[in-house]
Amino acid sequence: MECRAMKPIVDGIKNTYNRCMKLERVNFHERSAWRDLLFPFATPEFVLLDSQNNILYRWFGSVEADEFAAVLDPLCKG
């Protein structure tokens with residue numbers, strides 16, 4: 001189930017960062033390889049992985065756009 005309050009922020013992340021990183025949506029309630037890898041703790045939850053699928057950062061609950069920007073903007077410069 002998608003948190004409706006987060007939809008505008010999720011859409012904003014997709015629009016802003018899809019040029020510099022791959023974005024995947026993982027359903028907290030469905031068994032999958034991504035879910036097994038991420039071992040989610042809460043919903044909504046957002047996880048930043050490196051190219052070897054190591055977890056670099058996690059956000060939980062309702063997160064403001066500027067909290068994502070603080071971590072993701074430096075990764076997408078250049």
Side-chain angles (χ1 to χ4, degrees):
M1 177 185 304
E2 185 172 331
C3 178
R4 294 186 205 286
M6 292 302 297
K7 184 166 178 22
I9 293 173
V10 171
D11 290 345
I13 290 169
K14 288 178 184 176
N15 292 333
T16 302
Y17 301 105
N18 68 355
R19 65 176 165 58
C20 64
M21 62 182 62
K22 183 179 176 184
L23 302 167
E24 295 280 343
R25 181 169 184 244
V26 178
N27 188 327
F28 179 86
H29 302 288
E30 289 181 15
R31 193 91 174 153
S32 70
W34 280 113
R35 186 178 181 272
D36 292 344
L37 172 71
L38 302 175
F39 193 73
F41 297 109
T43 185
E45 180 176 338
F46 303 88
V47 182
L48 176 64
L49 305 173
D50 66 13
S51 60
Q52 282 78 43
N53 290 335
N54 297 306
I55 296 172
L56 301 176
Y57 203 90
R58 283 186 190 256
W59 296 266
F60 299 97
S62 292
V63 181
E64 297 297 324
D66 61 340
E67 294 177 65
F68 289 114
V71 174
L72 301 178
D73 281 356
L75 300 175
C76 287
K77 295 202 185 235

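Each residue takes its place number in the sequence, starting with 1. All figures in this text were calculated on a predicted structure; none of them were measured in a lab. Atom set for the values below is all heavy atoms of this structure, side chains included, hydrogens, waters and symmetry mates excluded.
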Which value, rounded to the nearest 0.5 Å, describes the distance between Arg35 atom CZ and Glu30 atom CD? 9.5 Å
Atom pair CG/CD of Leu38 and Glu24 - distance to nearest 0.5 Å: 10.0 Å
Provide the closest heavy-atom pair for Ala69 versus Pro74 in the form atom of the first, atom of the second, distance. O-CD, 3.8 Å
Taking all heavy atoms of Tyr17 and all of Cys76, pick out the closest pair and write down the distance. CD2-SG, 3.5 Å
Quick one: CG on Leu56 to OG on Ser51, what's the gap to the nearest 0.5 Å? 9.0 Å
Any chance you could measure Leu49, atom CG, to Arg58, atom CZ, to the nearest 0.5 Å? 8.5 Å
Stepwise, does the salt bridge (charged side-chain N to carboxylate O under 4.0 Å, His left out) test hold for Asp73 with Lys77? CA-CA 6 Å; Asp73 281 356; Lys77 295 202 185 235; 5.9 Å; no
Sorted by chain and residue number, the salt bridge (charged side-chain N to carboxylate O under 4.0 Å, His left out) partners of Arg19 (sequence neighbours excluded) come out as none
After noting the C-alpha distance and the side-chain angles of Ser32 and Val26, does the key distance pass the side chain to side chain contact (heavy atoms under 4.5 Å, CB included) rule? CA-CA 8 Å; Ser32 70; Val26 178; 4.1 Å; yes
According to a hydrophobic-cluster definition based on side-chain heavy atoms being under 4.5 Å apart (Ile, Leu, Val, Met, Phe, Trp, Tyr only), do Val47 and Val71 belong together? no
Do the side chains of Ile9 and Leu23 join up, straight or via other hydrophobic residues, at under 4.5 Å, putting them in one cluster? yes
Rounding to 0.5 Å, atoms OG1 (Thr16) and CZ (Phe68) come to a distance of 11.5 Å
When you look at Leu48 and Leu72, which way does the side chain to side chain contact (heavy atoms under 4.5 Å, CB included) test go after all the steps? CA-CA 9 Å; Leu48 176 64; Leu72 301 178; 3.9 Å; yes
Parallel under 30°, tilted from 30 to 60°, perpendicular over 60°: which one fits the rings of Tyr57 and Trp59? tilted
Excluding sequence neighbours, so at least two apart, what forms side chain to side chain donor-acceptor pair (under 3.5 Å) with Asn53? none
The reported gap from CZ in Phe39 to CD1 in Ile55 (rounded to nearest 0.5 angstrom) is 10.5 Å
Would Val63 end up clustered with Met21 when hydrophobic side chains under 4.5 Å apart are linked, directly or stepwise? yes
